[in-house]
Amino acid sequence: MRIIPVYSPWLSAKVNKYVLECLESGWISSQGPFVTMFERHFSQFCGAAHGIATCNGTAALHLALRAAGVKRGDEVILPALTFVATANAVSYASATPVIVDVDPVTWTLDPDAVRRHITPRTKAVIAVHLYGHPADMDPLVSLAREHGLWLIEDAAQAHGATYKMRRVGGIGHIACFSFYGNKLLTTGEGGMVVTSDAALAERASFFRDHAMDRRRRYYHTEVGFNYRMSSLLAAVGVALLEDMETILDKSRAVARMYREGLGDLDGVTHPPEMAWATNVFWMYSVLVGPSFGRSRDELMALLEARGIDTRPFFVPLHRLPPYWDCGAGAVAEGLSRRGMNLPSGAGLSRELVERVCTTLRELRCRS
Ligand SMILES: *Cc1c(COP(=O)(O)O)cnc(C)c1O
């Protein structure tokens with residue numbers, strides 16, 4: 001029996017063509033046309049003016065915080081339910097993460113919780129578009145304006161998702177993407193900072209490249225980083241971005257198949273899609289409730305025994321040893337206990353989705 005992996009990316013023949021073109025051009029470092037092309041095309045895709053490609057999404061987050069001037073003593077508010085990289089980037093910037101709860105319906109940052117945690121030291125808010133669904137940005141934009149805060153989007157899981165008809169990545173002051181192997185748009189490893197603020201873009205680009213003075217070679221006025229992306233990987237990104245609509249359509253089609261295939265199976269809650277959003281369903285994420293008759297962990301083990309790979313939801317940040325003292329979030333804890341990601345990705349076939357649905361129906365325990 002073929003194992004169904006938790007994520008099946010979609011790749012095209014164009015990838016091979018562009019990578020070969022890149023190799024043959026001799027421009028394989030971060031110099032050369034593919035990196036600039038990828039930055040231009042991807043920032044346009046997000047509706048933003050500038051893109052700064054990086055070696056991964058975590059570096060993009062750190063670079064965004066550094067470009068925004070976030071430093072020791074500053075507080076950065078972020079949601080309890082996200083991948084650890086969001087919080088680690090705040091730690092790299094020597095700032096203090098302030099972990100707050102998420103909304104029970106959207107599973108993303110709760111604007112009221114953010115409001116309650118703003119102090120005179122708050123410098124930035126990071127909204128995470130979790131599992132493909134955008135955070136509710138309007139109230140966060142208002143809070144940021146009212147209190148003079150940077151609004152950063154962690155869009156690593158939501159390339160192409162829209163909030164009120166606008167693509168994520170172009171809504172906050174600055175946004176960060178990941179192009180890791182299992183993300184919707186992938187270069188294997190990679191990331192990008194996206195912004196329409198020319199000064200932020202200039203600083204992000206400066207720090208990405210060892211903070212070297214623009215006019216004086218090997219003169220460095222601050223401690224910078226090497227967070228550059230290789231041209232070979234940018235070539236992969238350029239190729240896949242040309243088929244981004246196909247990738248998003250396929251990912252959304254997988255979600256439709258799950259919705260139809262599982263229907264109103266008792267004890268399974270489907271992922272949200274608010275009226276103001278399009279979810280790109282990076283991972284088809286469900287909640288397992290008491291009426292399923294089995295716990296989430298029991299279900300995951302049984303699926304694994306049947307060759308179906310799943311993932312539990314993230315452990316809430318404040319339940320991780322480095323962040324024990326950094327906040328709380330009861331809603332995030334409940335979601336984290338009940339949530340799991342089913343096999344997903346634009347490369348997943350109808351046949352395999354149907355096998356997952358059938359297996360889930362068989363595993364439900366009638367009382
Ligand atoms: C994947 C991811 C990152 C980090 O990206 P890498 O490219 O793996 O460094 C950051 N934030 C979120 C929400 C992610 O899912």
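Order of appearance sets the numbers: ligands from 1, and atoms from 1 within every ligand.
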Peer 1: Quick check: Tyr131 with Phe314 (ring centres under 6.0 Å apart)?
Peer 2: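 They qualify: ring centres under 6.0 Å apart.
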Peer 1: Evaluate the criterion side chain to side chain contact (heavy atoms under 4.5 Å, CB included) for residue pair His50 and Ser43; output intermediate values, then yes/no.
Peer 2: CA-CA 6 Å; His50 311 276; Ser43 54; 5.7 Å; no
Peer 1: If the threshold is 4.0 Å, N to carboxylate O, is there a salt bridge linking Arg166 and Glu153?
Peer 2: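 The answer is no: the pair does not qualify as a salt bridge.
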Peer 1: Could you find the nearest protein heavy atom to atom 4 (C) of ligand 1 and give me its residue, atom name and distance?
Peer 2: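 Protein heavy atom at minimum distance: Thr58 OG1, 3.5 Å.
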Peer 1: I want to confirm something. Looking only at heavy atoms, which of Gly57, Ala59, Ala156 is nearest to atom 12 (C) of ligand 1?
Peer 2: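 It is Ala156 whose heavy atom sits nearest to atom 12 (C) of ligand 1.
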Peer 1: Short list, please: which atoms of ligand 1 are under 4.0 Å from a heavy atom of Gly190?
Peer 2: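 What qualifies from ligand 1 is 7 (O).
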Peer 1: Where on Asp154 is there a heavy atom closer than 4.0 Å to ligand 1, on the side chain, on the backbone, on both, or on neither?
Peer 2: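 Side chain only; the backbone of Asp154 stays clear of ligand 1.
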Peer 1: Hey, can you tell me if Phe207 and Phe225 have their rings parallel, tilted or perpendicular (30° and 60° cut-offs)?
Peer 2: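 The rings of Phe207 and Phe225 sit tilted, inter-plane angle from 30° to 60°.
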Peer 1: Which of the atoms in ligand 1, numbered in the order shown and given with their element, are less than 4.0 Å from a heavy-atom of Asn56?
Peer 2: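 Near Asn56, the atoms of ligand 1 are 7 (O), 9 (O).
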Peer 1: Can you confirm whether or not the ring centre of His270 sits under 6.0 Å from the ring centre of Tyr258?
Peer 2: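 No, ring centres 6.0 Å or more apart.
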Peer 1: Before we go on, tell me: are the rings of Tyr163 and His129 under 6.0 Å apart, centre to centre?
Peer 2: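 That pair fails the under 6.0 Å test.
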Peer 1: Answer with side chain, backbone, both or neither: which part of Thr82 has a heavy atom less than 4.0 angstrom from an atom of ligand 1?
Peer 2: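 The answer is the side chain of Thr82.
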Peer 1: Using heavy-atom distances, let me know which of His129, Lys183, Gln157 sits nearest atom 3 (C) of ligand 1.
Peer 2: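 The residue whose heavy atom sits nearest atom 3 (C) of ligand 1 is Lys183.
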Peer 1: Regarding atom 5 (O) of ligand 1: of the candidates Ala60, Ser178, Gly191, which has the closest heavy atom?
Peer 2: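 Result: the heavy atom closest to atom 5 (O) of ligand 1 is in Ser178.
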